[in-house]
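Right, one structure below, let's go through it.
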Amino acid sequence: MEYQNSLSFAKQLDDQDELKDFRSQFYLPLQKNGETHVYLCGNSLGLQPKTTEAAIRQELLDWKNLGVEGHFHAKNPWLPYHEFLTEAMAKVVGAKPKEVIVMNTLTVNLHMMMISFYRPDSKRNKIVIESDAFPSDRYAAESQIRLHGFDPKECLIELTARPGEVCLRAEDIQKVIETQGSEIALIMMGNTNYYTGQYFDMKQITQWGHAQGCFVGFDCAHGAGNLPLDLHNSGCDFAVWCNYKYLNAGPGGMGGAFVHERHHTDASIPRLEGWWGHNKETRFKMRDAFEAIPSAEAWQLSNPPIMAMVAVWSSLKIFNAAGMDRLRKKAIALTGFMEYLVHSLGDDVIHIITPSDPEQRGSQLSIQVKNADKSLFNQITEKGVIADWREPDVIRVAPVPLYNSFEDAYKFYSILKEALHEKG
Ligand SMILES: *Cc1c(COP(=O)(O)O)cnc(C)c1O
């Protein structure tokens with residue numbers, strides 16, 4: 001697309017945007033002067049859908065009026081409640097419904113999956129992660145290694161960018177897998193790196209890993225609701241994600257997990273188990289031996305927190321109405337527009353570390369500002385932008401196609417430009 005550097009052009013793109021009405025389905029945080037913030041933090045905490053509050057009230061009302069009977073007679077009965085979300089969740093991440101389950105939170109799910117897919121022995125005991133993996137993922141991997149009596153110093157392989165580069169090269173990932181494959185038990189990467197915004201080819205990495213006999217799983221915290229993930233066809237063994245970033249399920253909202261169907265009835269895959277993974281027909285007989293549901297539900301431990309699930313469901317309904325294909329199409333245009341504007345500030349001032357190839361990124365730009373410190377970030381915050389600062393010099397912005405406009409992108413650019421001028 002040919003972009004133009006003007007507010008009127010941004011407004012013209014908004015007029016033509018077939019998803020423009022979705023913005024009004026969300027609450028945009030307000031500044032003190034009553035204007036909306038330029039909210040670019042949907043990769044950190046998505047905004048509140050206007051439907052969520054009423055949906056939570058409905059469950060409070062049913063609990064109030066029905067007590068325990070709500071499990072069967074609530075408007076949305078609690079007993080099968082998690083099943084209402086399955087199909088919509090599966091569409092967002094590109095899986096078969098039986099391969100996904102909304103449960104727990106991300107790091108908990110990561111541990112649950114590693115119990116099943118990281119089973120080191122004396123020969124094959126290593127985990128591959130990115131060197132700049134999100135801290136929680138690293139802590140989870142290291143503690144799993146120690147749990148099995150191994151030493152993270154020896155068993156954690158970190159994928160590192162080449163000197164002077166920030167993003168990983170596919171051929172370097174391939175080389176690590178091919179040269180050390182026989183010692184690697186699990187490859188566990190963010191499918192979209194939280195810091196650089198780099199998106200990895202999951203199918204390709206899975207093929208490399210499987211060829212060496214490794215299990216392959218992805219942390220899709222920054223991918224779910226951002227990119228069309230196609231988890232089933234990627235062939236990966238498992239994936240986990242949170243639903244509160246691009247997926248707008250609220251602070252600390254529930255996470256999700258994907259387990260490829262090939263593992264559902266495989267008795268050689270161990271698992272931590274609880275009653276909500278047991279055959280639904282006999283769950284309440286309570287005395288039977290565990291009988292796994294032949295789906296990702298087998299990994300579900302507890303009866304789920306309905307109040308938290310409500311918020312996931314509200315958001316998934318909006319996602320399904322918008323459709324991942326249309327969201328992706330707008331995301332490419334919107335991120336591209338913002339990139340074009342930011343580039344016009346001059347390569348001597350800014351450097352975008354996120355890949356410039358749209359196929360290698362979603363709705364995020366990580367902008368490195370030369371000689372900047374946090375005062376620049378504080379300035380743009382003051383002027384109404386909500387974004388994210390990573391030491392020492394990176395501003396992360398996420399123009400989210402569901403509720404961000406092309407005008408938001410333009411406003412961000414104008415404010416950044418103004419702040420840079422004031423900085424001199
Ligand atoms: C946001 C994020 C987390 C957060 O984990 P929680 O268990 O939801 O607190 C973990 N890993 C990655 C890659 C993330 O982006």
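In each ligand, atom 1 is the first atom listed, and ligand 1 is the first ligand listed.
Proximity to Thr107 (heavy-atom distance under 4.0 Å) selects the following atoms of ligand 1: 5 (O), 6 (P), 7 (O). In summary, the atoms of ligand 1 found under 4.0 Å from a heavy atom of Lys245, numbered by their order in the structure, are 1 (C), 2 (C), 3 (C), 14 (C), 15 (O). Below 4.0 Å from some heavy atom of Tyr244 lie the following atoms of ligand 1, by number and element: 1 (C), 4 (C), 5 (O), 6 (P), 8 (O), 9 (O). Atoms of ligand 1 found under 4.0 Å from any heavy atom of His222 (numbered from 1 in listed order, with element): 15 (O).
Here the options are Phe258, Phe238, Phe117, the test is ring pair (Phe, Tyr, Trp, His ring centres under 6.0 Å), and the partner is His263; only Phe117 passes.
With a heavy-atom cut-off of 4.0 Å, Asp137 touches ligand 1 through its side chain alone. Within the 4.0 Å heavy-atom criterion, the part of Asp219 lying near ligand 1 is the side chain and not the backbone.
Checked against the 6.0 Å centroid threshold, Trp275 and Phe284 count as a close aromatic pair.
For atom 3 (C) of ligand 1, the closest heavy atom belonging to the protein is Phe134 CE2, 3.4 Å.
The aromatic rings of Tyr81 and Phe84 stand perpendicular to each other, their planes meeting at an angle above 60°, with 30° marking the opposite boundary.
Salt bridge status for Arg23 with Glu407: absent, with no side-chain N to carboxylate O gap under 4.0 Å. Taking 4.0 Å as the cut-off between side-chain N and carboxylate O, Lys75 and Asp62 do not count as a salt-bridged pair.
Of all heavy-atom pairs between Trp276 and Ile293, the closest is O-CD1, 3.8 Å.
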